[in-house]
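Below: one structure, written as structure tokens.
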2 protein chains.
Amino acid sequence: MDTVETRELRYFMAVAEELHFGRAAERLGMAQPPLSRAIQRLERRLGVSLLERDRRGVSLTGAGEVLLHEGRAALDATTAAARRTRRAGGADRPGGTRNRLVLAVKAAASHELLRKLLAAYAAEPDAAEVEVLPSGTCEQGEMLRDGRADVALMHAPFNSLVGFDSEELLTEGQIAILPAGHPLAAHPALSLADISDIPDLPLARWSRHGAHPPGPGPEIHDQTQLAQLIALGRTVAVFPDSARAWLWAEHAAVPLTDAPPVVTHIAWPAHSRSLALAALIRTATGL
Amino acid sequence: MDTVETRELRYFMAVAEELHFGRAAERLGMAQPPLSRAIQRLERRLGVSLLERDRRGVSLTGAGEVLLHEGRAALDATTAAARRTRRAGGADRPGGTRNRLVLAVKAAASHELLRKLLAAYAAEPDAAEVEVLPSGTCEQGEMLRDGRADVALMHAPFNSLVGFDSEELLTEGQIAILPAGHPLAAHPALSLADISDIPDLPLARWSRHGAHPPGPGPEIHDQTQLAQLIALGRTVAVFPDSARAWLWAEHAAVPLTDAPPVVTHIAWPAHSRSLALAALIRTATGL
DNA sequence: GCCCTGTCATACCCGACGGGTATCACCGGC
DNA sequence: GCCGGTGATACCCGTCGGGTATGACAGGGC
């Protein structure tokens with residue numbers, strides 16, 4: 001009577017995001033009528049109206065918006081439970097997860113730190129096999145929430161640590177990466193203002209989830225493209241200090257005086273209870 | 001194919017907690033055979049074995065333990081979504097929850113702070129109606145997690161703030177509450193060691209969820225019982241400083257020098273997005 | 001050793017519900 | 001007024017959730 005099934009949540013999320021029963025049904029791989037009925041049933045069961053079926057379109061009610069947010073968290077938690085359970089598959093010892101540990105890292109993250117962490121962890125007694133999951137396009141927080149990862153290296157202030165437990169690992173300044181021949185590359189230091197309005201070096205725009213933000217700079221998809229564009233003298237980029245490790249000869253790095261420092265954290269779901277994870281965190285904070 | 005329904009989760013949680021299909025079925029209000037089938041189907045769907053059906057009893061596999069923990073979080077998130085959606089029921093404005101805000105407080109919490117907070121909040125422009133939910137027996141974190149509350153006053157280090165966002169509100173020392181006539185009541189200050197081993201004043205034991213922890217002291221259920229036992233000279237208690245507000249004439253309060261300070265936090269689910277809640281937090285931190 | 005008890009699994013049945021197809025009701029635009 | 005597009009309704013069917021009855025199997029008392 002007062003229970004909501006995950007299927008109903010999935011259906012509602014699709015409709016709430018598409019604001020269109022037909023498209024939502026298509027996305028769900030089903031026909032539209034049963035979807036309409038399912039939503040009606042959900043509304044009846046909850047005793048509230050979630051969608052405003054106005055002629056010419058569907059819109060969310062206040063309750064619908066609440067369910068959109070809360071339901072997302074609930075669905076993530078459910079799929080995370082399924083994923084982590086599946087991953088724990090073979091280890092039938094009752095002492096906790098001994099299997100693999102999935103570590104999500106940003107592709108552009110400091111390899112130095114990661115390498116040291118993995119090396120130190122491998123020597124630990126509670127060590128599990130660590131699978132490194134480079135999340136190029138996807139947010140690491142998302143991966144932690146829906147169970148694709150167990151632990152992540154995240155970079156404040158770019159990633160939000162909200163909802164996770166975390167420990168600070170490393171703080172570094174940021175540098176501007178310029179074409180080696182550019183006049184600005186000769187400066188000992190620069191400010192953000194110095195590089196934000198250079199006509200011949202517009203800042204590149206990362207394309208995320210297929211949507212390209214508007215702006216003057218070139219569109220890029222990965223770090224190699226960016227490196228190439230810088231080397232060609234077409235753009236400039238701002239990166240944490242550890243990016244110096246992958247610079248080319250055609251690149252020049254100049255410290256930025258007023259860029260906010262980047263803090264690398266190790267973060268994990270707050271409710272985690274795993275010996276292997278605890279050991280990894282201990283290793284990381286002890287580096 | 002890779003989806004888990006909340007009903008299946010509920011069933012599994014019951015079996016995993018009872019470690020007995022018959023009792024779990026009874027608790028769920030159903031017969032045992034369909035429960036067995038549901039668990040089998042869940043195991044098949046996840047592709048892992050969750051329970052070890054040994055003759056003479058059921059035990060959890062490693063994967064089962066993972067699902068026990070993760071599933072609890074998922075179920076809590078789901079019921080929270082349903083509860084909060086239902087509570088948002090009538091407010092059909094698209095600006096967020098404008099309804100009521102449920103604030104969970106420990107029954108023994110500082111009334112002073114709570115009164116000031118509610119008074120200040122009522123004057124706010126974004127103020128919603130605040131329902132105060134005194135959680136005598138139940139953990140406030142549980143209430144936040146499963147949606148019975150939207151925000152809570154929690155007391156570190158007694159409550160774990162893990163998994164929530166929180167702001168510090170108030171730090172106070174702790175006091176020993178003794179019978180007024182007791183010799184120790186004359187001291188200007190005491191240490192924990194001073195009161196932990198007094199033969200005539202064993203520390204009282206709170207009964208939680210029906211289970212009484214073993215020990216020498218008397219069993220108590222609420223604060224009034226405790227106050228009475230102290231007044232009768234039968235026990236001693238340790239409380240935050242603000243407990244002085246409800247002391248009786250027969251009580252004596254003595255500061256404890258080495259008790260950890262109690263920090264009152266305002267805490268809320270990390271993913272919350274509500275104007276009313278934001279206003280309450282702003283009010284609380286501005287006190 | 002035998003039976004009895006307690007456990008979970010299997011067999012079978014039924015009603016309900018999820019899902020599909022066809023169609024309706026309604027509105028905006030040409 | 002017709003048409004395209006929306007979501008809702010009507011009807012049908014297969015699957016599945018749930019109940020009852022029963023089986024398989026181990027352990028304990030006699």
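Remember, predicted model here, so these are calculated numbers, not experimental data. Protein chains get the first letters and strands the later ones, always in sequence-line order, with residue 1 at the start of each.
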Atom-pair distance ([atom1] on [X]; [atom2] on [N]), nearest Å:
{"X": "A/F12", "N": "D/dG7", "atom1": "CZ", "atom2": "P", "result": "14 Å"}
{"X": "B/E8", "N": "D/dG18", "atom1": "CD", "atom2": "P", "result": "10 Å"}
{"X": "B/I39", "N": "C/dA9", "atom1": "CD1", "atom2": "C1'", "result": "13 Å"}
{"X": "B/Q40", "N": "C/dT10", "atom1": "CD", "atom2": "C1'", "result": "9 Å"}
{"X": "A/E52", "N": "D/dT6", "atom1": "CD", "atom2": "C1'", "result": "16 Å"}
{"X": "A/R45", "N": "C/dA16", "atom1": "CZ", "atom2": "P", "result": "15 Å"}
{"X": "B/L28", "N": "D/dG17", "atom1": "CG", "atom2": "C1'", "result": "13 Å"}
{"X": "A/E5", "N": "C/dG18", "atom1": "CD", "atom2": "P", "result": "9 Å"}

So, do [X] and [Y] sit near enough that their side-chain heavy atoms are less than 4.5 Å apart?
{"X": "A/T3", "Y": "B/T79", "answer": "no"}
{"X": "B/H271", "Y": "A/V162", "answer": "no"}
{"X": "A/L161", "Y": "A/M154", "answer": "yes"}

Given C/dG6, is OP1 or OP2 found less than 4.0 Å from the side-chain N or O atoms of B/H20?
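No, because none of the side-chain N or O atoms of B/H20 sits under 4.0 Å from OP1 or OP2 of C/dG6.
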
Tell me whether the side-chain N/O atoms of B/S36 come closer than 4.0 Å to OP1 or OP2 in C/dC8.
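For C/dC8, neither OP1 nor OP2 has a side-chain N or O of B/S36 closer than 4.0 Å.
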
B/S166 side-chain N/O to B/H265 backbone N/O, donor-acceptor pair under 3.5 Å:
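Such a contact is absent between B/S166 side chain and B/H265 backbone.
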
Roughly how far, to the nearest 0.5 Å, is OG1 of A/T61 from CD of A/E52?
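Here the rounded value is 7.0 Å.
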
Measure the CD-CD distance between B/E26 and B/E18 for me, rounded to the nearest 0.5 Å.
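Here the interatomic distance stands at 8.5 Å.
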
Under-3.5 Å N/O pairs linking protein and nucleotides 19-22 of chain C:
unit_1 : atom_1 : unit_2 : atom_2 : d
C/dG19 : OP1    : A/Y11  : OH     : 2.9
C/dG19 : OP2    : A/Y11  : OH     : 2.9
C/dG19 : N7     : A/R37  : NH2    : 2.1
C/dG19 : O6     : A/R37  : NH1    : 3.1
C/dG19 : O6     : A/R37  : NH2    : 3.3
C/dG20 : OP2    : A/A31  : N      : 2.8

